[in-house]
Amino acid sequence: MEETINRGHFIETIIRQDVENRKNDGRVATRFPPEPNGYLHIGHAKSICLNFNMAKKFSGHCNLRFDDSNPAKEKQIYIDSIESTVHWLGFDYGTALFASDYFDRLYGFAEELIEKGLAYVCSLPGEEIRAYRGTLTEPGKNSPFRDRSVAENLDLFARMKNGAFEEGEHTLRAKIDMASPNINLRDPVIFRIKKAPHPRTGDKWCIYPMYDFTHCVSDALEGITHSLCSLEFEDHRPLYDWYLDNLSVPCHPQQIEFARMNINYTVLSKRKLQLLVDQGHVAGWDDPRLPSLEGMRRRGYTPAAIRKFCDTISVSKKESRIDVGLLESCLRDDLNETAPRAMGVLRPLKVIIENYPEDKVETLSAMVHPQKPEMGTREITFSKEIYVEQEDFMEDPPKKFFRLGPGREVRLRNAYYVTCREVIKDEKGDITALICTYDPETRGGNAPDGRKVKGTIHWVNAKDCLSARVRLYDRLFTQEDPEKGGQDFTQNLNPASLETLGDCKLEKNLSKARPEKVFQFERLGYFCLDAKDSTDRAPVFNRTVTLRDTWAKVTGKKR
RNA sequence: UGGGGCGUCGUCAAGUGGCAAGACACAGGGUUUUGAUCCCUGCAUUCAGAGGUUCGAAUCCUCUCGCCCCAGCCA
């Protein structure tokens, strides 16, 4: 179904050609290389899907490799979260790999560079290194330590490893070209001293390799064929290639860069998301308003919907800002197929059916999914007092309003036709209840006389329902680009991104709801039980996404 | 202003010299016990702009314009 006629995106084209040309013997191996310094977000899902899908499509393998070469920022909790999230998304990588597992070999490769005269220990302090580097428009100048002998370099490097120096005293640098127009080639640092315990190697090391060195070597050691990364590493590719060309590694993977994902009305970077959490704008990393994968999972997003979305947006080198509507469309697409239907009234309005017997309770049958009889039926109860949505009644309805109004007849979904006879108000003039009559002949929702009714509304039995809190989410920011023109994005936070309704009435069947099991509350949207704040006595449901609402569109009402 | 990239419908995105796919959105219409779903129909004479090559250009060449990234002992 998702198989289209075109050849796919540019990366797929490259890989296909490589396979056809028997490059790497036709083998394909990719990797998803997160740094365990935070949680994953939807932007990472793009990379995860890309890497795993390419591997699968060409009968290869995709590794999950943690790029853990900076112990100052990395933590085991992030490793655990990332692993669990990748699994949740539906991908299997076998066992996770770690760049830190290659530290010994990385040290050896650094020695190889020294022995080849291609690396040296530099004793310039940080500010000096920066000053010597030059600027974007001016070349740098050589470090005074650039011509140390191989023996001295080897000795110094060994002492760096053995903890003889303090942080910042020395670095190991590649000897490339201080005048290169590409700043990454101006003698980049290979190893630096960092006296921090590492989540996996503990106190074994006090020097750690830098990203550029670690990444390409790790790729090579794992036999990666295509190393896919984001655009900002384009400038690093010459360095990636330089290291591999000068080291006795088993292979030379090809780095290919693609554009990161952006989505409107939200922000997508670990740093910004962390700031929202730290400043308390959201309740945590898994706040359902966040585009973090844990947040989306709690919100009710399904892995299938996220995968479909990543598929749909495809991959290119163009910077883009994707309409969040596309994400929601992929979500609805999946949920429409899979979500069982139920009825829930968010803002209850009591309806008393005056001609219905006082103590009668009857059981009606409703389909779990109107287009899928194989999903079965459920039972719902009906009696004299029910709740309907406040929105579904208007005292003075316009012509095209198909719902309840004085004297108007509507169908109660799966139940009876009812006609509004009287409006009850309190002393303030607020509507407190409706008196209706029902037509006993219309049980199940059809009139034997063939009389049609334009509107069908949802309802819940007042005496047999579940009271719950329901949280309605809206976009987190009011601006498409929350940082437009360099603005502080927290200034564009949407104050109405969360609305909590305290007294919702839900059909009794929903007491069986479980987190991540999404229901469609008919006519309203998709909802799921919250995994954290819900208790048996006080259930909390999150609105995953609304239904498409063309009526709201004509009335100009917001979501 | 050094270097590296990118510019095809409102938003993503195919297209790789032969005469602009698809999706979302949008606008109409049909079906409907969810104003949902589903189903039709419409929606770029034009590919950032200007020249050029060619029988023929979004695709090749030249110039111009716009946007993004790079000066961490971060990744």
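Predicted model, so just to flag it, every value in this text is computed and none were measured. The sequence lines fix the lettering, A, B, ..., with proteins before strands; numbering per chain opens at 1.
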With distance as the sole criterion, do the side chain of [X] and the base of [N] form a donor-acceptor contact below 3.5 Å?
X      : N     : answer
A/E337 : B/U37 : no
A/Q371 : B/A36 : yes
A/R237 : B/G4  : no

Taking the [atom1] atom in each of [N] and [M], what is the distance between them to the nearest angstrom?
N     : M     : atom1 : answer
B/C40 : B/C24 : P     : 12 Å
B/U46 : B/A58 : C1'   : 9 Å
B/G56 : B/C70 : C1'   : 42 Å
B/U54 : B/G18 : C1'   : 12 Å
B/C61 : B/G28 : P     : 45 Å

Among [options], the nucleotide that comes nearest once only the side chain of [X] is considered:
X      : options             : result
A/R133 : B/A75, B/G72, B/U1  : B/G72
A/N182 : B/G3, B/G35, B/C12  : B/G3
A/T550 : B/C73, B/A36, B/G4  : B/A36
A/P370 : B/A23, B/G2, B/U34  : B/U34
A/S316 : B/A13, B/U34, B/C73 : B/A13
A/L547 : B/C73, B/A36, B/G5  : B/A36
A/F401 : B/C74, B/C26, B/G35 : B/G35
A/R548 : B/C70, B/U37, B/A23 : B/U37
A/K318 : B/A71, B/C73, B/C6  : B/C6
A/D235 : B/C73, B/A36, B/G3  : B/G3

Could you state the atom-to-atom distance from [atom1] of [X] to [atom2] of [N] in whole Å?
X      : N     : atom1 : atom2 : answer
A/D67  : B/A75 : CG    : C1'   : 7 Å
A/E522 : B/U34 : CD    : P     : 8 Å
A/N336 : B/C24 : CG    : P     : 13 Å
A/R173 : B/G72 : CZ    : P     : 12 Å
A/F213 : B/A75 : CZ    : P     : 13 Å
A/Y211 : B/C74 : OH    : C1'   : 11 Å
A/F393 : B/G35 : CZ    : P     : 18 Å
A/D392 : B/G35 : CG    : P     : 9 Å

Paired nucleotide for B/C38 [Watson-Crick or G-U wobble; both distances under 3.5 Å] |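 Across all strands, the one nucleotide that pairs with B/C38 is B/G30.
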Which base, if any, makes a Watson-Crick or G-U wobble pair with B/G22, both distances under 3.5 Å?
->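 Across any shown strand, B/G22 pairs with B/C12.
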Could you label the plane-to-plane angle of the A/F233 and A/H236 rings as parallel, tilted or perpendicular, counting under 30° as parallel and over 60° as perpendicular?
->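 The arrangement is perpendicular - the two ring planes meet at more than 60°.
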Among A/Y526, A/W459, A/F527, which residue meets the ring pair (Phe, Tyr, Trp, His ring centres under 6.0 Å) test with A/F521?
->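 So the option named by the test is A/F527.
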A/F103 pairs by ring pair (Phe, Tyr, Trp, His ring centres under 6.0 Å) with which of A/Y208, A/F191, A/F109?
->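 With A/F103 as partner, A/Y208, A/F191, A/F109 yield a single ring pair (Phe, Tyr, Trp, His ring centres under 6.0 Å), made by A/Y208.
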Is there a stack between A/W551 and B/G35, judged by ring centres under 5.5 Å and planes under 30°?
->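 One would call A/W551 stacked on the B/G35 base.
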Is the phosphate of [N], meaning OP1 or OP2, less than 4.0 Å from a side-chain N or O of [X]?
X      : N     : value
A/R186 : B/C70 : no
A/K317 : B/G7  : no
A/K553 : B/C26 : yes
A/R523 : B/G35 : yes
A/R130 : B/G72 : yes
A/R321 : B/C67 : no

Going by atom types only, do [X] and [Y] share a side-chain donor-acceptor pair under 3.5 Å?
X      : Y      : value
A/H170 : A/S123 : yes
A/E222 : A/Y102 : yes
A/R31  : A/S227 : yes
A/D481 : A/Y265 : no

Hey, does [X] reach any base, or is it just sugar-phosphate, or nothing, if we go heavy atoms under 4.0 Å?
X      : value
A/V410 : nothing
A/N446 : base
A/I313 : sugar-phosphate
A/F233 : base
A/S69  : sugar-phosphate
A/L124 : base
A/P139 : nothing
A/K194 : sugar-phosphate
A/H236 : base
A/R341 : base
A/S329 : sugar-phosphate
A/L412 : nothing
A/M343 : nothing
A/E138 : nothing

Over 12 non-hydrogen atoms of neighbours within 6.0 angstrom of CD in A/E379 |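 Counting neighbours around CD of A/E379, 12 or fewer heavy atoms of other residues, nucleotides or ligands fall under 6.0 Å, so no.
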A/R200 NZ/CZ over A/F98 ring centroid, <6.0 Å and within 45° of normal =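 Cation-pi check for A/R200 and A/F98: passes.
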Is it true that the NZ or CZ of A/K161 lies under 6.0 Å from the centre of A/Y107's six-membered ring and within 45 degrees of the ring axis?
->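 Ring-cation test returns yes.
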